[in-house]
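See below for the structure under consideration.
Numbers restart at 1 for each chain; the letters A, B, ... are given by sequence-line order, proteins then strands.
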Amino acid sequence: MKAAALLLAGSMALAACASDEEPSSGSGGGGESSAASGDLQIGLAYDTGGRGDKSFNDSAYAGVEAAIGDLGGDVTELSPNADGSNRVDLLTQLADDGNNPVIAVGFAFADALAEVAPQYPDTEFAIVDQSVADMGLDNATGLLFAANEGSYLGGVAAALKSESGHIGFVGGVETTLIQEFEAGFVAGAQAAKPGIVIDRQYISAAGDFSGFADPARGKILAQGMFQSGADIVYHAAGGSGQGVFEAAAEAGGRAIGVDSDQYETVGDPALQAVIMTSVLKRVDVAIQTWITDYSEGSVEGGSDVVNDLESDGVGLSTSGGQIDDIKTQLDDYTQQIIAGDIEVPTAP
Amino acid sequence: MTVLRRLGTLLLAPALAVLIAVAISAAVMALLGVDPLQVLSVMVDLGDTPSQQITAVVAILNRALPLFLAGLAVAIGFRMSLFNIGVEGQYRMATIMAAAVGAAVTLPGPLHVLLIIVVAMAVGAIWAGIVAVLKVTRGVSEVISSIMLNFIALGLASYLLTGPFRGSPEGASTVSTAQIPESGRLGGLNGIFDVLGLANPPRQLYGFLLVAVLVGIVVWVLLQRTRFGFDLRATGLSPSAASASGVDARRMVVKAMLLSGAVAGLIGLPDLLGRTYDYNTDFTSGLGFLGIAVALLGRNNPGGIALAAILYAFLDRASVPLQAASLPSSVVTIIQGTIVLAVVVANEIAGRITRRAAERASRQSSGPPPDDSMTTRRVPGVVSEGTP
């Protein structure tokens, strides 16, 4: 039946094409990637959600774009299917098409990378948020972030700016990665204001990734925190953060964004006003730096690159100017973390 | 009726559905200014080298495997006018329990695999059994209770994974159960490519394929060639008529749900036994819902479901090369979505055509209608009842 179906598909496609020839012939060739150019051919495999998430994936694309701006080249972007079952196919396709380097966005690619990378020893891979140190691959680099350090500063800022002495944390999915955000935030808040009350909740449990894309439930959790007296809530919940911002706007409280400068990306003036700062995770900088290293031939496979406060891989955004008055204190904590005087925990 | 005509009536509805879906998709593509022919050529291009082509075929078959089992599980319910929307929760519970049991014991090879399969089927059946018991004792609609059990399964599996069954080290970004030892794994079938003289890529064809084929045959025999299958189909057609002829309808509900759940329990095993060897936070979810579409397209018939699963898997695979060629991969989603809609419409149309043909035939022969018309009339009724 498959053959029959394809035959039918073909004839129908023909019919549709014939009846509508002008528009299709006008733009049909627009999609061909220019494999002929001798520049970099970068393969980019997104995490679930793909391009346009105003967060993680977009940040990765921004890094690739910046690198292409400097070095020239071309990018092929692929997104996984809804259930994320075809990650191996994505990496295989990118490597088969001759893309080099290939960047996998998100730790969910770990198993796929372990399977595909050995098959393409001449291709250099990078994976965001996943250590490759124990994977035994000599053509892969792990791009890691000290999310706990950035979140520590977020905790300091929340504690210093809180008037009620009560703040909150909304995590997307209770994974190890997000627990690092929580641990840093809590440690920072307690350091800046010992005895501060911190509500901590996750939208979904490990294994259920709906928590990153559920603004309604994010809003309910944040509402509960604001009603019980919190005045600043930090979210590490991807797309669900939108609900946290809405809850803050309705409750007259404030919120802290995550990953990218959400003051700039949220796109709604009413919500913009409640975003005090964002805990940045500079996926773009990390990727751009790595691609530059690759083009210079200085990538050392099989190892990790940790992006932390020292390398400006994490930090706080200042758009909106709401934390300008505590800048000296934040700088002080930053220096202490870089100097190693403060050790930020990675698990709550 | 000749074999050819039977085959024709059997294939009429799905072929019509695929045709409608492709026509709609082609129209959408044309509207967007994308060349449908170019899209089609990318979809059917499996790769340049023999190794790439075989890899693509393996990817399609590996994806089709769980879809086939999901479609089969849903279809067993459909055959009895039971809408088992809880396949999703059934296979999630089954997979995590099977992973935990498989990792906890060490047995000689075949026995170990067999134990994992039996555990998965039992857990799936028990989870579906809750739905059946609620239906026959309290009259709770299986649609409502099985949807709710999906959420309970999700929560329970998360608790088990992060609590008692946790096997991954602290700090690992992917939380998983302990690994199933070597003896509990199923090797790939790539040896057959060597035998056939084809390229043998690193990607392994799941060994579970053989189990799935066996299950498909058993289910077909059970439904079409046994007293149990006849009772089940009869109860699905008319519970009152069936009980008048001595079939205990409530008992049949329980049996059908248990069977459906047992097959559902197998959905997660191709991945578990062939690739991941543990249940983890990257578990492939949503197959239970895709199974509904596959069962509809396959007209609740094991052979049809296999073809439908392969078609779905083929479309799924195409989304990657489409993206690589900078063509909208949403085409795949549009085709898959319209197929489901079109199937409902096409089943109704095909049902009317065959019914009319049967009536004509019975008028001409002025005897009782042949048994085949009975079979073909059943499906549209089940579908329209089973579709919310």
Side-chain angles (χ1 to χ4, degrees), chain A residues 1-2 4-6 8-10 12-17 19-20 23-33 76-79 81-90 92-94 96-97 107-108 110-111 115 118-119 129-131 173-177 204-210 346-347, chain B residues 11 14-15 18-19 22-23 26-27 29-31 33-40 43-44 47-48 52 55 59 63 154-155 157-159 161-162 170-175 202-203 271 275-276 280-287 304 307 310-311 314 316-317 319-321 323-327 329:
Chain A
M1 200 194 75
K2 198 180 106 194
L6 287 175
L8 290 168
M12 283 319 293
L14 263 172
C17 196
S19 65
D20 209 20
S24 58
S25 63
S27 59
E32 285 296 314
S33 59
T76 306
E77 310 158 69
L78 300 182
S79 299
N81 57 359
D83 58 20
S85 59
N86 66 347
R87 290 201 172 89
V88 173
D89 297 341
L90 297 188
T92 306
Q93 175 89 36
L94 288 173
D96 270 345
D97 287 353
F107 64 80
D111 284 347
E115 186 178 334
Q119 296 170 25
D129 274 344
Q130 168 71 39
S131 168
V173 181
E174 197 165 2
T175 57
T176 319
L177 188 76
S204 65
D208 170 12
F209 279 91
S210 64
T346 55
Chain B
L11 287 180
V18 171
L19 197 75
V22 168
M29 279 184 260
L31 273 175
V34 179
D35 181 356
L37 269 183
Q38 194 193 352
V39 169
L40 188 78
M43 288 175 82
V44 297
D48 302 329
Q52 283 176 14
T55 302
R63 173 73 174 165
L154 187 59
S158 286
Y159 162 74
L161 176 62
T162 51
E170 282 299 321
S173 44
T174 302
V175 182
R203 186 83 69 88
D271 271 341
R275 186 170 60 89
T276 62
N280 58 44
T281 41
D282 282 336
F283 176 73
T284 306
S285 62
L287 294 170
L307 291 175
I310 290 170
L311 176 65
F314 165 79
D316 256 356
R317 191 210 73 96
S319 78
V320 180
Q323 290 183 62
S326 300
L327 290 164
S329 66

- Item | Lys/Arg-Asp/Glu bridge criterion (N-O < 4.0 Å) met for B:D271, B:R63 | no
CG (B:L327) and CG (B:D35) are apart, to the nearest 0.5 Å, by 8.5 Å
Most contact-rich option vs chain B, by heavy-atom pairs under 4.5 angstrom, among A:N81, A:V88, A:T175, A:L177, is A:V88
message: Does either side chain, that of B:N280 or that of B:T276, offer a donor lying less than 3.5 Å from an acceptor on the other one?
response: no
Most heavy-atom pairs under 4.5 Å with chain A, out of B:S285, B:S319, B:G47, belong to B:S285
Cut-off 4.5 Å, heavy atoms of chain B, and the answer for A:A110 is neither
**Message:** Whether the side chain of A:N86 engages the backbone of A:D89 through a donor-acceptor N/O pair (distance < 3.5 Å, no angle test) should be reported.
**Reply:** no
Whatever's closer than 4.5 Å to a heavy atom in chain B on A:L90 counts as both
When the 4.5 angstrom heavy-atom criterion is applied to A:V173 and chain B, the contacting part is neither
When the 4.5 angstrom heavy-atom criterion is applied to A:T92 and chain B, the contacting part is side chain
### Query
Any Lys/Arg nitrogen of B:R203 or A:E115 sitting under 4.0 Å from an Asp/Glu carboxylate oxygen of the other?
yes
- [ ] Spell out, as yes or no, whether a donor-acceptor pair under 3.5 Å connects the side chain of A:E174 to the backbone of A:S204.
- [x] no
Chain A shares the most heavy-atom pairs under 4.5 Å, among B:A59, B:P321, B:G286, B:G155, with B:P321
Cut-off 4.5 Å, heavy atoms of chain B, and the answer for A:A347 is neither
